[in-house]
Amino acid sequence: MRFSKFGLTTLRDMPADAEIVSHQLMLRAGLIRRLGSGLFTWMPLGLRVVRKVEAIVREEMNRAGALELLMPAVQPAELWRESGRWDKYGHLLLRMQDRHEREYCFGPTHEEVITDIARRELRSYKQLPINFYQIQTKFRDEIRPRFGVMRAREFSMKDAYSFHVDQASLEEGYQVMHEAYTAIFQRLDLGFRVVDADSGEIGGSRSQEFHVLADSGEDAIAWCDEDNFASNVETARTLQPDGEPAKASLELKKIDTPKVRTITELTALLKVGAEQTLKTLIVEGDNGPVALILRGDHELNAIKAGKLPGVSQPLTMADPASIRKATGCNPGFIGPIGLEIPVFFDHATRLMADFVCGANEADKHLTGVNFGRDLDSPDTVDIRNVVAGDPTPGGNGTLSIARGIEVGHIFQLGTMYSEKMGASIQDEAGKNVTMPMGCYGIGITRIVGAAIEQNHDDRGIIWPEPLTPFDLVLIPINMHRSDKLRDAAETLYAELTEAGLDVLFDDRDTRPGVKFADAELIGIPHRLVISERGLEAGELEYRHRRNDDSRMMKRDDVLNLLTGSTLS
RNA sequence: CGGGGUGUAGCUCAGCCUGGUAGAGCACUGUCUUCGGGAGGCAGGGGCCGGAAGUUCAAAUCUUCUCACCCCGACCA
């Protein structure tokens, strides 16, 4: 491709409303342009990368025996009513009507459609297991689209759905997808980690996420190599600590703490660590408010807490009015002593002694509080997020926390859709069975953003070779003033292309510095400079995007190097 | 949804407070010089100042309404 014919405009200034590097670089390098909130056009350069991702995903899915199909992006409401999600899916669902006022949605996912296909097409266990996939545009009306292509509303996703005779077959199919996904992310050359994930409202089902590791990731991952453990912090369990609390050494005292409403303010006033305090959160329950009690420095885990008996799901914080009604005082001064509502203590509170908590009285806190003496030692539950240093659930190591971008999710759905929508087949015994299902997603466009988050420097993108829009960029120096150089450059361009390389030939009549800067911004891994001075010596200048220095090479050596490295 | 902010040239922004009829840098066109790390000169093209209504002799500027976009929050006890 000739740069002059590629319609590429790079931006020197950073676009004002891009917060994270990948978004900034994608705009500056001309990969994408924004159309509206959470809506992006993939420009020719960016689309090349998308196509690379798609190709790898397709190859590995096909290799794993999955069958590609393409379902409509627009789906009739009736299907969603059948599954019960028309009302449940909420605001994420973009709803619309046609001229007859029939209702539709723009598909955020395709379980309903595929289950409809399955119940029509599949009759016999002999057709199973079967795995259908597609690469489709989805729309989810995110509360707050941001981070460019990473949390867009319209995006491209590979989604696959498998159907089985029984649970054993589902587990096998799931394992096959686990392996296919691992192969995909390895081939994409991205640093990633597989973690256990929340299985949502369908209990017992297995679910794992694939995360590209990056500091800007929206998800926190807890992991421990010694214990071979990795989980989204949403689901990582905490253990009840062994041992007994330390002996009480302080008197119980009620102190004035006017206007102290947060743990931060409390610790600043009392000069104690947050781990010496208790915080009491009031959430909505099935029969009125429920209190959840955590150590001051810990965070509530809404998913775990939502599963407690009597607690409303999804977890909802009680409003101030009902808190006052239930506890007799305002948020900020609530504590466990004398509370009349159901109370759950987190495991980590069990060993606390001489701690601080709210007094259930305006502008007062209690200090020197101890279990056994001032209140009963509680049974404790797991309701907080794990933190770095916590023991692993297996108990053989300690957890580290990393940040990741969720790019893949595999899930044993079970029969929740096939049951509701009547997708069944006859088994070997001639008996009707509802098919257990699996579903498996990969965020195609999100991967592009994630790859940049993981691979860039202050000059621009550094494409992993499997994703790069061009294998190499060919930069002639002052070609427009030397016919000899022009001929040599044109010949070389033809040769490289002939050798099967995807070459970006920067034939623009512009200064070398501009070409270098653009080449680095758009992140092409290999750079070849051809100049008069090198021409005389019969040499070309080669440099890799990750290296700061270049070397002079003979044309044949360059060809060998490049064809070798792209084949490997 | 709540709070905050911003809409002026393709991009980044100034001008607005204190109304007088629109600017800079980058990008773009032509031209000359320059030519191995985002060159310089000269000459150009491009904006009904997000939209509507109002105040005024006069509105990018003041007022009201509206639309769009962005940020923060929705773990706070």
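Below, read A as the first sequence line, B as the second, and so on, with proteins coming before strands; counting in each chain starts at 1.
Sorted by residue number, the members of residues 477-489 of chain A with any non-hydrogen atom under 4.0 Å from RNA chain B read A/Ile477, A/Asn478, A/Arg481. Of the residues in residues 527-542 of chain A, those placing a heavy atom less than 4.0 Å from an atom of RNA chain B are A/Arg527, A/Val529, A/Ser531, A/Arg533, A/Glu541, in numerical order.
Taking A/Arg508 as the reference, A/Asp506, A/Asp518 meet the side-chain hydrogen bond (donor to acceptor under 3.5 Å, both in side chains) condition, with sequence neighbours excluded. Residues satisfying the ring pair (Phe, Tyr, Trp, His ring centres under 6.0 Å) criterion with A/Trp463, sequence neighbours excluded, are absent altogether. Residues that satisfy the salt bridge (Lys or Arg N to Asp or Glu O under 4.0 Å) test with A/Lys254, not counting sequence neighbours, are A/Glu361. A/Asp390 is linked by a side-chain contact (heavy atoms from CB on, under 4.5 Å) to A/Thr238, A/Arg384, A/Val386, A/Val387, A/Leu399, counting only residues two or more places apart in sequence or in another chain. Residues passing the ring pair (Phe, Tyr, Trp, His ring centres under 6.0 Å) test with A/Phe3: none are found, sequence neighbours excluded. In this view, A/Phe516 satisfies the ring pair (Phe, Tyr, Trp, His ring centres under 6.0 Å) rule with no residue, not counting sequence neighbours. The ring pair (Phe, Tyr, Trp, His ring centres under 6.0 Å) search around A/His298 returns none, not counting sequence neighbours.
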Query raised in the report: How would nucleotides 2-16 of chain B be written as a contact map, 5' to 3', with B for base contact, S for sugar-phosphate-only contact and - for no contact, using protein heavy atoms under 4.0 Å?
Result: ---------BSS---
Could you pull out every donor-acceptor pair under 3.5 Å between side chains of residues 262-269 of chain A and any protein atom, sequence neighbours left out?
unit_1, atom_1, unit_2, atom_2, d
A/Thr262, OG1, A/Glu265, N, 3.1
A/Glu265, OE1, A/Arg261, N, 2.7
A/Glu265, OE1, A/Thr262, N, 3.3
A/Thr267, OG1, A/Ile263, O, 3.1
A/Thr267, OG1, A/Thr264, O, 3.0

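Under the side chain to side chain donor-acceptor pair (under 3.5 Å) criterion, the residue pairs touching residues 477-486 of chain A are A/Asn478-A/Arg481, A/His480-A/Arg486, A/Ser482-A/Glu532, with sequence neighbours excluded.
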